Each structure stands twice: as C-alpha cells, then as structure tokens.
Amino acid sequence: MYDWVVLWDWVEIAARWVHVITAIAWIGSSFYFIALDLGLHRDRNLASGADGEEWQVHGGGFYHIQKYLVAPAAMPDHLVWFKWESYATWLSGFAMLVLVYYMGHEMYLIDPAVADLAPWQAIAISMASLAFGWVAYNTICKVFVNANQTLVMVALFALLVAMAYFYTQVFSGRAALLHLGAFTASIMSGNVFFIIMPNQRVVVADLKAGRKPDPKYGKIAKQRSTHNNYLTLPVIFLMLSNHYPLVFATEYNWIIASLVFLMGVTIRHWFNTQHARKGNPHWTWAATAILFLLIAWLSTAPVQTRDPESAMAPGALRYAAATGFDDVVSIVQGRCSMCHAVEPGWDGLHYAPKGVVLETPAQIAAEAKRIYLQAGLSHAMPPANLSYMEPEEREAIILWFQSAGQSGVEG
C-alpha cells in the first residue's frame, strides 16, 4: 500500500507552494498599486480629466498610466479586476490551517499545559476567532468612519494586541502566532471581498446605467487598501514565525507579535512617504531598529517546551507501544538529542531547533511522524549527518513507524 504519510506530506507541500505563489501575486500587486497611487503627478491639468498620471519604464517598454477618481467617460471593454490573488491566498492559507493545525492538532495546535482543549473545541475557537476578527474590524471602521484615520489604526492595533494575548492563552505558542497571522490575513481578504470589490461593482453599474457614481465608494475602498498595505509585512512575519522558537516559544510571544505590527507601520511609512515624494523620514529606520532589538531582547526569555512527564496523546501511545520503539529511543537519544534538548549540548545551539525536544520516550513518540519523514525516509536529519546515523538505524526508524499500523494521515 502506498505510504499515505508521504502522500499527505506532499499535499501539504502543494498547498504551501500555492499559498506562497498566490501571496506573492497579491502582495506584489497591492504594493505596486499603493506606490503608484502615492506617486501620481496630480499637479497637471490633464485633458482626459484624470486625477493624475505617471510614466514608468519596465521590461524594455514605457507605460503611461492615468488614474480616474471615479471612471473615464466611457467604460472600457476589457477591465482587469484584481481580486483572485486575494481570494486564492486566503483559500490556500485556510487549507494549510486545516492540513497542518486542524489535522495535526495533537502536535501543533493544542498544548495541554496552556489549555487542555478537546480537538473540536480548539478548531471551533480557531474558526470562530477568524470570523470575529472581520466583524470586530469592520465595526471599528464603521464607528470611526468620519474620524481621523490614525484613530482607526490605533483601535485596530488594540484589537490585534488583545487577540495576540488571547491566542497565547488557548493554543500552543506556534499555533498562537500563526493564528494571529491568519486573523489579520482574514481581515485583509475580507476587505477585498466585502468592501473593495462590492464598491467597485457599484461604480461600474452606475456608469453602465448612465448615472454619476458616488465618490464615497472609491474613498472607502482606498481606506481599506491602505489598511491592507500596513498589515502585510506583519502577516508575513507571523506566517514565518513557526520556524523560529525564539519568536513563538517564549513567555513574551504575544508582546513580540504586537511589536511586529508596529514595525510593519514604521517600515511601510518610510516606503509610502518616499513614493508620495513627501520626504525621507529616516526616523523610521531608527524606530524599526529599536523595535527589532527590543523583540530580540524579549526573545531571550526561557524557551517554553512541553512537560516531558506529561501524559502522551492517544496518537503518541500507538507509537510508544509499537515494535522497535525501545531501539528507536536509543537511536534518537544517541543521534538527535544532543541538539533537540532543553539545553542543547551542540556548540552554538542555545535552544532546540524549531522547539522540538527529543530527550524522553514520550517526546520521541509525540514526534513520530517527523522523525519518520526526516530521519527515516529522508536524510534531512541529522543535518549533514553530523552525528553519523547509520543506514541500519534509519531502517529501524522506518520499520518502527510502519509497525505502528500507520495506514492513514496522522491527525
């Protein structure tokens, strides 16, 4: 029978690849249009009636771009809508959430030391929080619709800080920061799906019917696009955070995540000011550096790991009872635990890579799938085979895993 664990890993790879591709497309177009809008020359009396124009050169050609506040006198036959990049990014991201965190809830989503949740409870909290994020954010925008936009951003930041703290009280550190990224990304995609695209459809419908569109629709859409612009960089950071225990596995992880949003603002402010030709705010460089150093300092708090004496999850019990487990424990402790330890013995390592600790039988059984894929089927671990794991030892890991009766996706 085909190894379904390997197949499932390839499903995750495919979903992650699609997610990265679509995210690049969405972020690229978003950054480009914000930069274009800020950089338009609006001091020219254009015969076309356009609000502004810009000449650009790329790929061996010249582009003459004009922006209309509402629309030109005649609706063009072929109008390109930028929406699928956002939708595909969110859908592929949610697929990753299901594949990695919902299906792998024992390993990645639930930490009994934080909150001893049943799988259905954790998944329900996850999905409900994403929906809550859009409702709360949209309410903030409507309540402060006529207020200074800085006030809107402050209220949004307060919401994000509150959610950062909330997630760290219910999920594992890794899942908490990933969910904060998904929470923010859902707000961004919600802006496109519920606000920006419907507003643009209203404008197009008015033009086709011969009515003069209300400029408020374009103003609201631009507001939401600007919010997305400032949220993009923190989302990228949070999506990458699961690779770095110094970010997600410390007691100050929620503060670190909160400060990342401030870094996103300072970085984007510099770029946006530059694109708008309104100066060169070098203070943002210093502010970003200070925030980054503060985050690095906060990360020096002891890295959190699961209690090695805690009860094994049902999935792990199956591997602990499988034939060859004692041999695998000896192999892993001899070849892997010098790095994957609470206090690594390998020179230059100050914490276990990716927060994975393999010192006790319980910890080894809990990481059965990763050990099988990375040290059994592949030679990914140990890196460069620095601890000289023998082919026979890798074969023992494979036989042990398979003897546990693995016939489907581990979840």
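Bear in mind that the values here come from a model prediction, so they are computed numbers and not experimental data.
- The 12-atom threshold is not exceeded at NE2 of His58, counting heavy atoms of other residues, nucleotides or ligands nearer than 6.0 Å.
- At a cut-off of 3.5 Å, with distance as the only test, no side-chain donor of His243 or Arg174 sits close to an acceptor on the other residue.
- Counting only N and O atoms by type, the side chains of His340 and Glu359 include no donor and acceptor under 3.5 Å apart.
- Aromatic ring centroids of Phe157 and Phe261 lie 6.0 Å or more apart.
- Other residues, nucleotides and ligands contribute at most 12 non-hydrogen atoms within 6.0 Å of the CH2 atom of Trp297.
- Residues Tyr388 and Glu393 have side chains that never bring a donor and an acceptor to within less than 3.5 angstrom of each other.
- When side chains are defined from C-beta on, Phe166 does not count as touching Gln169, because their heavy atoms never get closer than 4.5 Å.
- Note on ring orientation: taking the six-membered ring where Trp is involved, the planes of Tyr319 and Phe401 are parallel (angle under 30°, cut-offs 30° and 60°).
- Applying the side chain to side chain donor-acceptor pair (under 3.5 Å) rule to pairs touching residues 191-202 yields Tyr137-Asn191, Asn191-Arg224, Asn191-Asn228, sequence neighbours excluded.
- The backbone N or O of Val5 sits nowhere less than 3.5 Å from a side-chain atom of Trp10 that would complete a donor-acceptor pair.
- With hydrogens and angles left out, the side-chain atoms of Gln149 and Gln223 include a donor and acceptor closer than 3.5 Å.
- A donor-acceptor pair under 3.5 Å is absent between the side-chain atoms of His275 and the main chain of Leu38, judged by distance alone.
- Other residues, nucleotides and ligands place no more than 12 heavy atoms under 6.0 Å from the OH atom of Tyr244.
- In this structure, Trp283 has its ring center under 6.0 Å from that of His269.
- Taking every heavy atom of both residues into account, Met338 and Ser387 meet most closely at CE-CB, 4.2 Å.
- Between Phe171 and His179, the distance separating the two ring centers is shorter than 6.0 angstrom.
- Ring centroids of Trp134 and Phe194 are separated by less than 6.0 Å, placing the two rings close together.
- Taking the six-membered ring where tryptophan is involved, the planes of Trp84 and Tyr87 are perpendicular, since the angle between them exceeds 60° and thus also 30°.
- In this structure, Ile34 and Phe271 have side chains that are not in contact, with every pair of non-hydrogen atoms separated by 4.5 Å or more.
- One side chain, Tyr102 or Ser126, offers a donor N or O that lies under 3.5 Å from an acceptor on the other.
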